[in-house]
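These values consider heavy atoms only, across backbone and side chains, with no hydrogens, waters or symmetry-generated copies. Each chain gets a letter, A, B and so on, in the order its sequence line appears, and its residues count up from 1.
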Amino acid sequence: MKFDTPATTNPIDQLKVIGKPTDRIDGPLKTTGTAPYAYERHDVVQNQAYGYMVGSAIAKGRIASIDVKAAKAAPGVLAIVTADNAGKLAKGSFNTAKLLGGPDIEHYHQAIAVVVAETFEQARTAANLVRIDYVPTKGVFELAAAKDSAKAPEANAFSGPPDTAAGDFAGAFAAAPVQLDAVYTTPDHAHVMMEPHASIAAWNGDKLTIWTSNQMIAWGVGDVAKTLGIPVENVRLDSPFIGGGFGGKLFVRSDALLAALGARAAGRPVKVALPRPLMINNTTHRPATIQRIRIGAARDGKITAIGHETWSGDLPGGGAELAANQTRLLYAGANRMTATRLAVLDLPEGNAMRAPGEAPGMMALEIAMDEMAEKLGLDPIEFRALNDTQVDPEHPERPFSQRQLVECMRIGAERFGWSKRNPKPGSVREGRWFVGTGVAAAFRNNLLTKSAARVRLDGRGTVTVETDMTDIGTGTYTIIGQTAAEMMGVPLEKVVVRLGDSSFPVSAGSGGQWGANNSTAGVYAACVKLREAVAQKLGFNSEEAVFADASVRAGNRSVPLAEAARDKEIIAEDAIEYGDLDKKYQQSTFGAHFVEVGVDVATAEVRLRRMLAVCAAGRILNPKSARSQVIGAMTMGAGAALMEELAVDKRLGFFVNHDLAGYEVPVHADIPHQDVIFLEETDPISSPMKAKGVGELGICGVGAAVANAIYNATGVRVRDYPITLDKLLTELPQTG
Amino acid sequence: MKSFTYEKATSAADAAAAAARKEGTKFIAGGTNLLDLMKLEIETPTHLIDVNGLDLDKIEPTQDGGLRIGALVRNTDLAANERVRRDYGLLSRALLAGASGQLRNRATTAGNLLQRTRCPYFYDTNQRCNKRQPGSGCAAIGGINRQLAVVGASEACIATNPSDMAVAMRALDATVETVRPDGATRTIPIAEFHRLPGDTPHIETTLTAGELITAVTLPKPVGGKQIYRKVRDRASYAFALISVGAIVQPDGSGRVAVGGVAHKPWRVEAAEAEMPRGAQAVTERLLADAKPTEENGFKIPLVERTLGAVLTEARG
C-alpha cells in the first residue's frame with residue numbers, strides 16, 4: 001500500500017480497540033517468567049554448548065601472539081575460535097569495528113576469541129587461560145583534545161547534511177542586543193539494558209539459525225550473512241522477546257557472530273551471552289558531545305540568530321552524534337546555522353542510543369533557552385512561545401504536519417502549577433532543601449520507513465499477524481494486536497501476534513521511535529488486503545462491507561468472519577510504503593517536561609520531587625503502554641541529568657566503570673511521582689494510523705528540565721552533565 | 001573461576017586449624033563479595049571452608065552491659081535487633097544505608113568487615129593493581145579515582161574501604177574476637193583491625209593466616225544522638241562518596257568516624273576534641289593529612305558540610 005496522500009477516515013478511526021489502555025497481551029508470559037528470552041531458549045535445539053568471549057585487554061594495538069594451549073586442554077573445552085582460525089570474515093554494514101578483532105585491536109574489550117565448552121563455568125575458566133601478548137600503540141581517547149581535528153562527517157540516511165545555514169548568522173548574532181554564547185558537554189552513555197546481548201546459533205548444513213536479542217531483524221540477517229560471507233537465504237534470526245535494547249541491539253553484535261563461529265567450530269549449537277563487565281566496552285554507546293550554542297535575540301525576546309555546533313568522536317569510519325539537528329527545526333529565527341563535526345577516537349564504537357542526536361542535543365539546547373530567557377527577563381515558557389514556528393525555519397515552504405509545542409507547555413504549566421514558581425534562583429527553601437522547578441521543550445522527529453506484515457484468518461475466526469517486527473519491551477505485541485482487531489472487527493483475544501522471526505515479512509523494526517507507527521501501518525495495509533479477500537470470498541463488495549463483532553455485514557446481510565476461512569485459511573500480505581509526505585511536511589513530535597527538585601543545602605545531593613511530561617505525538621495507540629514508554633524515558637533522562645557517565649580513562653582508553661556497580665542508573669528511590677499527559681492529536685500526514693513515535697520523545701529535554709530546576713533551586717548553572725553534587729557543592733548559596 | 005575444594009566447618013577452632021593446613025584457603029559465609037570476586041578470578045582460593053553452620057549467629061548481652069554479635073549474624077538481623085536499634089542506633093542506620101535488602105539478608109557481620117574495595121581497577125583484571133597483584137602498580141593513581149581515598153593512601157594504593165557498617169563499628173569502639181589455628185583466641189580493637197595500604201595494600205586487616213572472626217563486641221552503650229549520613233550519587237544502592245557516623249552528646253562532645261575517604265573507616269580521636277567548635281574545626285583535624293587527587297578533592301568540603309548538617313541535626 002502506497003501512502004502518498006493524507007489519510008482520510010478509515011476503520012482505525014472507530015477506536016473500538018485502538019486507543020484503549022489495554023494491558024499488554026504478552027504480560028502474563030513476562031510476569032510468570034515464561035517469555036522465552038534468547039539465552040533461555042533451551043528447547044529450540046538440542047545439545048547446546050556454551051561460548052565465552054575473550055575481550056582485548058588493550059584499547060589499540062595488535063596481538064603479537066595468542067596461546068590457546070592451556071585453554072584447549074582445560075576440562076570440557078570443545079573449540080576455541082580466534083581470528084587465526086575463524087576463516088575469512090567481512091565487517092557488517094552497520095558495524096564500525098570488527099566483531100571479532102585480531103591481530104589488530106580497535107578498542108578495549110573487542111572480542112578476540114570465543115571459548116566453547118560443555119558448561120558455562122568451563123568456558124569461562126578456559127577463557128581466562130588464553131594467553132595473549134599485545135603490542136599496544138598510542139591511541140586518541142579524549143574528545144576535548146581531539147576536537148580541533150574533527151571533520152564534517154559524511155551524510156547518511158538519518159543525518160541530513162553536516163552543516164546547514166540560513167540568512168546571515170554571524171552578522172545577526174553580532175548585532176543582537178541580547179546574546180548567549182555557551183559550551184555544554186554530555187558524557188558517553190551506556191544502554192545497560194536488563195537483558196545482556198545473547199545468542200544461540202545452530203548450523204544445519206550451510207543454513208544458520210540464530211536465536212537472539214535484536215531490534216532490527218532484517219538488518220541483522222543482512223549483516224550476519226555479510227560478515228560470514230554466506231547468502232542471506234541461509235540465515236534465519238529469531239528474536240521474539242527482547243529485554244530492552246535502547247539502540248544497543250539495533251545491530252548484530254559479537255554474541256551472534258561468536259555463537260555462529262563457535263557452533264561451526266564445535267560442530268554443535270552454541271550459546272553466547274556477553275558478561276555484564278564486558279558489555280560496555282565490547283558493544284556500542286552513546287558518544288560524548290561538546291556543544292557550542294549561540295543565541296541572539298532582540299529585546300522583545302524574538303530570536304534573530306541561533307547557532308548550534310556539536311563535536312563527537314568515533315572510531316575511523318564511524319558516525320557523528322547528531323546533537324545539533326533539532327536546532328534546525330525547533331525555534332524560529334531568520335539567521336541560523338548548525339554544524340556537526342566528528343573526530344577520530346579509539347574508544348569503543350559510538351552509535352545510536354535512545355533518541356540519538358536529540359537526547360544530548362536537547363540537553364544542551366534547552367539549558368541555553370533557559371539561560372537566554374533569563375537574560376531577556378522572560379518566563380522560559382513565554383520565551384519559547386514567542387519563538388514558536390509552524391514551518392521548518394530553514395525551509396519555510398515546509399509546514400509541520402502537526403505542532404503543538406506551545407499547547408504542551410501551556411497545559412503542562414497549568415497542571416504543574418508553574419505560575420506559583422519563584423523565578424529568582426536560590427530563593428525557595430524547605431527544611432534542608434533548596435527547591436526549584438524547571439521546564440524544557442521535548443522534540444523528536446517522526447521517521448517513516450517501509451513495513452510489511454502477513455495476516456491469516458483461520459476457520460475459528462482467529463486472526464494471526466506475522467511480521468519480523470520486534471517488541472523490545474515497548475508494547476509492540478499489543479498495539480499490533482489492537483490494530484488487527486480493529487481492522488478485522490474481532491476482539492483482541494481473537495488475534496495472535498507473532499514477531500521477530502526473519503521468515504516473516506520485513507518490518508520497520510524497533511528504533512528511532514519509528515516502530516509503533518510504521519509497523520502498525522504495515523499491519524493495517526495487510527489487513528486491508530485481508531478484508532478484500534474475505535469480502536470477495538463471502539460475496540460482499542469490499543467497499544461496503546463492515547467488519548464488526550466478528551462478522552462481516554453489508555445491508556441486512558451478516559456472515560461470521562470465520563465463515564470466510566471455513567475451508568481454507570486466507571492469507572494476505574502487504575507493506576506500507578511512503579510517498580513524499582515527509583518531504584512536503586516536517587513530521588515531528590513535541591512535548592514539555594516539568595521538573596521539581598530539592599537540592600540538599602549541605603551536601604548538594606539532588607532529589608527529584610515531581611516530574612511531568614506533556615506529549616503531542618499523534619494518535620496514541622495504547623495510552624497505557626505509551627505512558628510506560630514515556631515514564632521510562634523520563635527515568636532515563638533523569639539518569640543522564642544526574643548520574644550517568646561512562647568514565648574514560650584517557651591514558652588507557654576505556655570506560656572504567658564497566659559494570660552496574662560503577663555505571664549508576666536511577667533506582668526506585670531516585671524517581672518521584674511521574675505524570676504523563678497526551679494531548680488529543682491525530683496526524684493524517686504520518687500514516688493511516690495517524691500515529692507517530694513517542695518512546696524517544698519522552699527522553700528529549702528531560703535532562704535540561706532537571707538542570708534548569710537545579711539552577712532555579714540554587715542559582716548554580718551547570719553546563720557539564722551529569723550534574724553530580726561535586727559540581728554544585730562549593731557554589732551553593734550560603735545558609736544560616 | 002578456578003576449581004576449589006570445599007568443606008563444611010564443624011567448629012570455629014577446627015575451621016581455623018583446617019585453614020592453616022591448606023594454603024589458599026578462604027572462609028565463606030554470606031559469599032556476597034567473595035563469590036563475585038571468584039567469578040572474576042580476583043580471588044582464587046583453592047579451598048573453601050563454609051562456616052555458615054557454626055553456632056555464631058547470636059546477639060547476646062555481655063557482662064559489662066555491652067553486646068556480643070556473632071560473626072554470622074546477618075546484616076538484616078543485626079539492623080533489626082531491638083538492642084541494636086535502642087542502644088546502638090548508629091550501627092542499625094549504617095547497615096540499612098548499605099547494599100540492598102537481598103544482600104543484607106545474606107551478608108554477615110564478619111564478612112562485612114572483610115569486604116574488599118570497589119576500586120574499578122581492582123575489579124578489572126587487565127589493569128595494574130597492587131592490591132590484586134602485589135608489585136604490579138596502581139592504575140587508579142592518575143586514572144579515574146573520584147570515588148577513591150583522600151587520606152591515608154599511599155603511592156601503592158588509593159583504594160577505599162566500602163563498608164558502612166565498619167564506620168559505625170569504628171565510632172562505637174567495637175572489638176573483633178577471633179580464634180587462631182592453634183585454638184588461641186584474641187580480641188582486636190576495631191581501630192587496629194583494618195590497615196592502611198602502605199606498600200602492602202593486599203594485606204587489609206591484622207588477621208593472621210587462618211584466623212577466624214567469631215564475634216564483634218560492642219562496649220556498653222554511650223547514648224547520645226547517633227546519626228549516620230551517607231552521601232552518594234544516587235539515592236540508594238550505591239557506595240558512599242563519603243559517609244559520616246557521629247555520636248553527639250548533649251554537651252556537644254562526641255565521636256565521628258568517616259567512610260569513603262580512606263582504606264579504613266577514618267576516625268581521629270584527637271579531632272573529636274574539636275566537636276564543640278563545630279564541623280570545620282573537626283574536619284581540619286580529621287583530614288589534616290589529606291592528599292586528594294584531581295578528581296576527589298570535593299570530598300573534603302563534602303565531609304565538612306555533611307558533618308555540619310549532622311551536628312545541626314543532633315542539636316535540633
task = Check step by step if side chain to side chain donor-acceptor pair (under 3.5 Å) holds for A/Asn657 and B/Tyr123.
result = CA-CA 10 Å; A/Asn657 50 341; B/Tyr123 266 80; over 6 Å; no
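- The distance from the NE2 atom of A/His109 to the CG atom of B/Asp124 is 5.0 Å, given to the nearest 0.5 Å.
- A/Glu664 is not listed as a side-chain neighbour of B/Phe239, based on a closest heavy-atom distance of 4.5 Å or more.
- For CZ of A/Arg276, the number of neighbouring non-hydrogen atoms (other residues, nucleotides, ligands) closer than 6.0 Å is greater than 12.
- Per-residue heavy-atom pair counts under 4.5 Å with chain B were compared for A/His658, A/His668, A/Glu121, A/Lys650, and the maximum is reached by A/His658.
- Comparing A/Val665, A/Leu129, A/Val601 by how many heavy-atom pairs each has under 4.5 Å with chain B, the most go to A/Val665.
- Crowding of A/Lys72 atom NZ: a count of heavy atoms from other residues, nucleotides or ligands under 6.0 Å not exceeding 12.
- The two residues B/Leu40 and A/Pro277 come nearest to each other via the heavy atoms CD2-CG, 4.4 Å.
- Both the backbone and the side chain of B/Lys39 come within contact range of chain A, each with at least one heavy atom under 4.5 Å from a heavy atom of that chain.
- Residue contact with chain A, scored on non-hydrogen atoms closer than 4.5 Å, is absent for B/Ile242.
- Distance check, rounded to the nearest 0.5 Å: CE of B/Met1 to CZ of A/Arg124 gives 5.0 Å.
- A 4.5 Å side-chain heavy-atom check between A/Val656 and B/Gln127 finds every atom pair outside the cut-off.
- Salt bridge status for B/Arg146 with A/Asp726: present, with a side-chain N to carboxylate O gap under 4.0 Å.
- Of all the listed residues (A/Val667, A/Val648, A/Thr730), the one sharing the greatest number of non-hydrogen pairs under 4.5 Å with chain B is A/Val667.
- Looking only at atom types and distance, the side chain of A/Tyr134 has no donor-acceptor partner in the side chain of B/Asn126 under 3.5 Å away.
- The choice from B/Gly142, B/Pro120, B/Gly297, B/Ser3 that makes the most heavy-atom pairs within less than 4.5 Å of chain A is B/Gly142.
- The choice from A/Val606, A/Asp600, A/Asp659, A/Leu642 that makes the most heavy-atom pairs within less than 4.5 Å of chain B is A/Asp600.
- Between B/Lys2 and A/Asn128, every side-chain heavy-atom pair lies at or beyond the 4.5 Å cut-off.
- Atoms CG and CD1, on A/Leu729 and B/Ile300 in that order, are 11.5 Å from each other to the nearest 0.5 Å.
- Between the side chain of A/Arg432 and the main chain of B/Ala309, no donor-acceptor pair closer than 3.5 Å is present.
- The CZ atom of B/Arg232 sits 12.0 Å away from atom CG of A/Leu725, with the distance rounded to the nearest 0.5 Å.
- The closest donor-acceptor contact from the side chain of B/Asp233 to the backbone of A/Met643 lies at 3.5 Å or more, if one exists at all.
- Salt bridge B/Arg229/A/Glu605: present, at least one basic N to carboxylate O contact under 4.0 Å.
- For chain B, no part of A/Leu608 is nearby; none of its heavy atoms comes within less than 4.5 Å.
- Atom-to-atom distance recorded for B/Tyr237:OH and A/Asp670:CG is 13.5 Å, nearest 0.5 angstrom.
- Interface check for chain A: of the options B/Thr306, B/Asn296, B/Val231, the most heavy-atom pairs under 4.5 Å are formed by B/Val231.
- Closest approach of B/Gly143 to A/Asp649, counting heavy atoms only: CA-OD2, 4.0 Å.
- By the 6.0 Å contact criterion, CD on B/Glu7 is enclosed, its count of non-hydrogen atoms from other residues, nucleotides or ligands being greater than 12.
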